[in-house]
Amino acid sequence: MAYNVSLLTDYTNEQNFPILKASILGSKTASLFTLQTGIKSSAALNLMDVDVVLQNDAVGSAVAGGGEVKFSQRQLAVAPIAVREFFDPKMLNSKYLQSQMKAGSADNELAFEAEIMDAVTFKVAAKMEKALWAGDVALTANSDLKHFNGYLKLIDAVGSGAIAITGATMTVANISTIVDTVYATIPVEILDAEDTAIFMGRDAFRMYTTALKNANLFHYGVDAGDEIVVPGTAIKIYALNGLNGSNRIVAGRKSNFFVGCDLEGEEDSASAVYIDAIEKVKLKIAFKYGAQIAFPKEVVTYK
């Protein structure tokens, strides 16, 4: 006698929990730059620049100094952004997921709430990472990037004063030369500032570290997987997911780049509530976000 299993489908174990979340791009830009909180719609970045004239201090010298203190403003506007999703718990009753639902027929809780909340907030962080750099209010058809202008749009604006370098698409063969050119173009006034840095996408960063390896510069190690000092300098390069695919490099002081919000960490707070009238669970995240550069003339960009 033998087993006959021809009428059975192959077994698949579907009861392994928790469900694995997709790999999500991390967010780092906001943690590097200056955070401006308490903004409901827009706030002024009040700027001051001083021009000093060195004068003769001999007897009878003129008393008119000739220097001046210049006050100016740049507006940091934030956009109201939200994520709203509705879930019908009853849809899980006929699926294997029913084993994770509470007993009874109320069906008024969000199954896998912790996992969903965690995944949604991480996804929002990844989208804001991209928007901080690539945001453009002219992209009305792009639901992720249309809310506010990101740093690249601000840098490329006519009359911004940013220093632009144009060149070929970055490759392993030319990226070391490109980075050296960006470094050489950084204004000397900020070159010795401790927070002056170079920012590029993780794709470009991979090409750069490969180029250093090919040049046998093994003594220049990568810090934490996404930071490295430009050989022979004190300038650090940061790999940022927000610049992936952009073929752009940006250099400047970290304190010169602003991230605007209303309440710090608001984009990390998700809530879920059961709405009896529609018998669904509503998940919501609401926050305000925006970007601005205080002194664009201190910024160098390769594109």
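No experiment lies behind these values; they were computed from the predicted model shown.
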> Does atom NZ of K130 have more than 12 heavy-atom neighbours from other groups under 6.0 Å away?
Replying inline: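 It does: K130 NZ has more than 12 such atoms within range.
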
>> Run the side-chain contact (heavy atoms from CB on, under 4.5 Å) test on F257 and Q292 for me, step by step, so that the C-alpha distance in whole Å, both residues' side-chain angles and the decisive distance to 0.1 Å come before the verdict.
In response: CA-CA 6 Å; F257 295 80; Q292 186 55 276; over 6 Å; no

>> If you apply the rule side-chain contact (heavy atoms from CB on, under 4.5 Å), what do you find for F287 with V124, and how did you get there?
In response: CA-CA 11 Å; F287 57 97; V124 168; 3.7 Å; yes

Cluster check [X], [Y]: I/L/V/M/F/W/Y, side chain < 4.5 angstrom:
{"X": "I235", "Y": "I175", "value": "yes"}
{"X": "I275", "Y": "I285", "value": "no"}
{"X": "L145", "Y": "V259", "value": "no"}
{"X": "Y208", "Y": "V172", "value": "yes"}
{"X": "V83", "Y": "I116", "value": "yes"}

> After noting the C-alpha distance and the side-chain angles of Y238 and K254, does the key distance pass the side chain to side chain donor-acceptor pair (under 3.5 Å) rule?
Replying inline: CA-CA 11 Å; Y238 292 91; K254 290 186 286 185; 3.1 Å; yes

Rounded to the nearest 0.5 Å, what's the gap from [atom1] on [X] to [atom2] on [Y]? Could you check?
{"X": "S160", "Y": "L154", "atom1": "OG", "atom2": "CG", "value": "8.5 Å"}
{"X": "R248", "Y": "M200", "atom1": "CZ", "atom2": "CE", "value": "13.0 Å"}
{"X": "I293", "Y": "F258", "atom1": "CD1", "atom2": "CZ", "value": "10.5 Å"}
{"X": "E129", "Y": "K28", "atom1": "CD", "atom2": "NZ", "value": "9.5 Å"}
{"X": "I39", "Y": "Q75", "atom1": "CD1", "atom2": "CD", "value": "9.5 Å"}
{"X": "T185", "Y": "L191", "atom1": "OG1", "atom2": "CG", "value": "11.0 Å"}

>> Does L240 form a side-chain contact (heavy atoms from CB on, under 4.5 Å) with L32? I'd like the steps, not just the answer.
In response: CA-CA 10 Å; L240 301 175; L32 293 175; 3.9 Å; yes

Compare all side-chain heavy atoms of [X] with those of [Y] and state whether any distance is below 4.5 angstrom.
{"X": "V78", "Y": "C261", "value": "no"}
{"X": "L283", "Y": "V120", "value": "yes"}
{"X": "I163", "Y": "V299", "value": "no"}

>> Quick one, T29 with W133, criterion side chain to side chain donor-acceptor pair (under 3.5 Å). Give me CA distance, side-chain angles, the key distance, then yes/no.
In response: CA-CA 9 Å; T29 295; W133 287 102; 2.9 Å; yes

When you measure from the side chain of [X] to the backbone N and O of [Y], does any donor-acceptor pair fall under 3.5 Å?
{"X": "N174", "Y": "T171", "value": "yes"}
{"X": "D195", "Y": "S255", "value": "yes"}
{"X": "D262", "Y": "K40", "value": "no"}
{"X": "D136", "Y": "N149", "value": "no"}

> Does the pair D88 and K280 meet the rule for a salt bridge (charged side-chain N to carboxylate O under 4.0 Å, His left out), with working shown?
Replying inline: CA-CA 5 Å; D88 183 359; K280 291 183 179 180; 5.8 Å; no

> Between Y151 and F199, is a ring-ring contact (aromatic ring centres under 6.0 Å, His included) present by the stated rule, with each step listed?
Replying inline: CA-CA 12 Å; Y151 300 123; F199 314 102; 8.8 Å; no

>> Could you walk me through whether R202 and N241 satisfy the side chain to side chain donor-acceptor pair (under 3.5 Å) test, starting with their C-alpha distance in whole Å, then the side-chain angles of each, then the deciding distance to 0.1 Å, before giving a yes or no?
In response: CA-CA 6 Å; R202 193 174 294 274; N241 287 320; 3.2 Å; yes

> How far apart are the C-alpha atoms of Y289 and L132, what are their side-chain angles, what is the distance that settles it, and do they pass the side-chain contact (heavy atoms from CB on, under 4.5 Å) test?
Replying inline: CA-CA 9 Å; Y289 234 58; L132 281 173; 4.0 Å; yes

